[in-house]
Participant: 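Let me give you the structure first, and then I'll get to my questions.
Within every chain, numbering begins at 1; the chains are lettered A, B, ... in the order of the sequence lines, protein sequences first and strands thereafter.
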Amino acid sequence: MHTTLDDQDDLKRHLLAASRGDQIAFNLLYQKTSARLYALALRLLRRRDWADEVMQEAYLRVWHNAGDYVSERGKVIAWMATILRYRAIDRLRREKVRGRFSQPIEDDVEPIDTEYDPLELLSQGVNAERLHFCLGGLRAEQRRSIAAAFFEGYTHEQLSTKMQAPLGTVKSWVRRGLQLLRQCIEQDALQGDDRLRGAP
Amino acid sequence: MNYRDADLIDALAAEYVLGTLQSRARDRFEALLRDSPAVRAAVWHWESQLGALGSHLRPVEPPMAIWQAIARRIAPPRTISSLRGTRFWQGCSAFATAAALTFAVLLTSVPTEHADRVALFANTQQAPQWLVSIDSRSGRLTSRALNTAAVQADRDYELWMLPGAGAPPRSLGVLPANGHTLERDLPASMNQSLRATATLAISLEPTGGSPTGAPTGPVLFQAQLFEL
């Protein structure tokens, strides 16, 4: 897990330098984060052209707001992923208003492998492991509705349609699911620290 | 709604970050977010947790074009062609073409970081002597001695701004020796005056600069400040 710790320290350093206008540091930050964020962009937008544009918007936001990052906001990569996700959701909602929808990646384009990658998960460190462990403890509807909201930007109304359940039911799946998630994460954090101290 | 309830705040923060908090509820929450550090902390906590949701995805190398587009937006390249159309180029009728070209080459090869204004001092043979660059936003003045004639042991070159309209010259400090670069962070009031100044001058002074605060020796060079 030392790789992750080094990563966070490096990213913090690059981000701090970038906040002072250091373009070389910003490029290093890009090199170390862009593959992970691009995977997320592709998953969220399901179209290369939209993903490419949102990547640009997100990184420009990171450049301009680099000074906003503080450790209390979590890991640098998570902060950047949040910026990207908000941009992606904005884009998805705008396009839906225009009547354009995300489609599966075109057949003539190399298929994107968005399979679950356990090694990748491990390299992301404790947060990711714990989150996925806790997600596994939710009921299927809770997990699916949270994932749909997160990855597809579904609103409660859209979830209700997609999952063919009353609005009130869907709202409680999301609310209860998040509640349980939080409880599990906190509990796991308390217990897990002992477990992980001995990890390689 | 009792916004002081920590559990409620937490639940709202989670839905805000997830994206399921909509319209009026979202607007109300965003107002809270602006004003309350506790709400901010809750949102940051959820952003940090949920930020890991995409972490199981296999990384995908983005096409180079994405970085190129980003790089262009954060740092327009200072090539000679990008200097065209700026007032610098139009003002170059005052220089012989060769000197103007030298100036342009110097500008693109000498790191001027965030400089938005420059002045080039040339001697009577049009040979470049000093390059002065200014970052108006931060008030940093950088002077670089390019190929200056050696000065007498008891003398220094001093840089002045000429604010115009009868106002007296104000010192911007002593210039560096040949081959050296000097950076100065100007105090705010000086930076302010400098923004309204178009002309700089250099005089020959006793070592350490003028003892009086005004030029005491001959004004040997003058140069216009150009916007980049």
Participant: Just checking A/Arg61: does its CZ atom have more than 12 heavy atoms from other residues, nucleotides or ligands closer to it than 6.0 angstrom?
Facilitator: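 Open.
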Participant: So what's closer than 4.5 Å to chain B heavy atoms on A/Tyr30: side chain, backbone, both or neither?
Facilitator: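 The side chain, not the backbone.
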Participant: Which bit of A/Arg73 is near chain B, if near means a heavy-atom gap under 4.5 Å: side chain, backbone, both or neither?
Facilitator: both
Participant: Is A/Ser34 in contact with chain B via its backbone, its side chain, both, or neither, using a 4.5 Å heavy-atom distance?
Facilitator: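 Its backbone and side chain both get close to chain B.
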Participant: Under 4.5 Å from any heavy atom of chain B, what part of A/Ile146 do you find: side chain, backbone, both or neither?
Facilitator: both
Participant: Nearest 0.5 Å, please: how far is CD in A/Glu72 from CD in B/Glu47?
Facilitator: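 Rounded to the nearest 0.5 Å, the CD-CD separation comes to 13.0 Å.
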Participant: Can you check whether B/Thr20 reaches A/Tyr154 side chain to side chain, under 4.5 Å on heavy atoms?
Facilitator: no
Participant: Within this structure, what is the OG1-CH2 distance for the pair A/Thr82 and B/Trp46, rounded to the nearest 0.5 Å?
Facilitator: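 Going from the OG1 atom of A/Thr82 to the CH2 atom of B/Trp46 covers 13.0 Å.
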Participant: Distance from B/Trp44 atom CH2 to A/Tyr69 atom OH, nearest 0.5 Å?
Facilitator: 10.5 Å
Participant: Of the listed residues (A/Ala147, A/Ala35, A/Ala41, A/Gly74), which shares the most heavy-atom pairs with chain B below a 4.5 Å separation?
Facilitator: A/Ala35
Participant: At a heavy-atom separation under 4.5 Å, does A/Tyr86 approach chain B through its side chain, its backbone, both, or neither?
Facilitator: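 The side chain, not the backbone.
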Participant: Any chance you could measure B/Gln68, atom CD, to A/Gln56, atom CD, to the nearest 0.5 Å?
Facilitator: 10.5 Å
Participant: Would you mind checking which part of B/Leu50 comes under 4.5 Å of any heavy atom in chain A, side chain (CB onward), backbone (N, CA, C, O), both or neither?
Facilitator: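 Its backbone and side chain both get close to chain A.
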Participant: So B/Pro62 and A/Asp52, do their side chains get closer than 4.5 Å, heavy atoms only?
Facilitator: no
Participant: With the side chain counted from C-beta on, respond yes when B/Ile70 and A/Trp63 share a heavy-atom pair under 4.5 Å apart, and no when they do not.
Facilitator: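 No, too far: nothing below the 4.5 Å cut-off.
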Participant: Between A/Gln179 and chain B, which part of the residue has a heavy atom less than 4.5 Å away: side chain, backbone, both or neither?
Facilitator: neither
Participant: Given heavy-atom pairs under 4.5 angstrom as the criterion, report whether the side chain, backbone, both or neither of A/Ala81 touches chain B.
Facilitator: side chain
Participant: Output the option from A/Arg85, A/Glu157, A/Gln158, A/His64 having the highest count of non-hydrogen pairs under 4.5 Å with chain B.
Facilitator: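 Top option by heavy-atom pairs under 4.5 Å: A/Arg85.
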Participant: What part of A/Ile185 gets closer than 4.5 Å to chain B, counting heavy atoms only: side chain, backbone, both or neither?
Facilitator: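 The side chain, not the backbone.
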Participant: In sequence, state the C-alpha distance, the side-chain angles, and the governing distance for B/Ile66 and A/Tyr59, and then conclude on side chain to side chain contact (heavy atoms under 4.5 Å, CB included).
Facilitator: CA-CA 10 Å; B/Ile66 294 180; A/Tyr59 273 93; 5.8 Å; no
Participant: With a 4.5 Å cut-off on side-chain heavy atoms, are B/Pro63 and A/Tyr38 touching?
Facilitator: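 Yes, their side chains come closer than 4.5 Å.
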Participant: Which distance, rounded to the nearest 0.5 Å, do you find between the CG of A/Leu131 and the OG of B/Ser48?
Facilitator: 10.0 Å
Participant: With a 4.5 Å cut-off on side-chain heavy atoms, are A/Leu40 and B/Leu57 touching?
Facilitator: yes
Participant: For the candidates A/Asn27, A/Val70, A/Thr155, which exhibits the highest count of non-hydrogen atom pairs separated by less than 4.5 Å from chain B?
Facilitator: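 Answer, by heavy-atom pair count under 4.5 Å with chain B: A/Asn27.
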Participant: Below 4.5 Å, heavy atoms only, C-beta onward: do A/Lys171 and B/Glu15 meet side chain to side chain?
Facilitator: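 No, side chains not in contact.
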Participant: Which bit of B/Gln22 is near chain A, if near means a heavy-atom gap under 4.5 Å: side chain, backbone, both or neither?
Facilitator: side chain
Participant: For B/Arg40, is the CZ atom crowded, meaning more than 12 foreign heavy atoms sit under 6.0 Å from it?
Facilitator: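 Check passes, neighbour count above 12.
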Participant: If I measure from the heavy atoms of chain B, does A/Arg182 come under 4.5 Å with its side chain, its backbone, both, or neither?
Facilitator: both
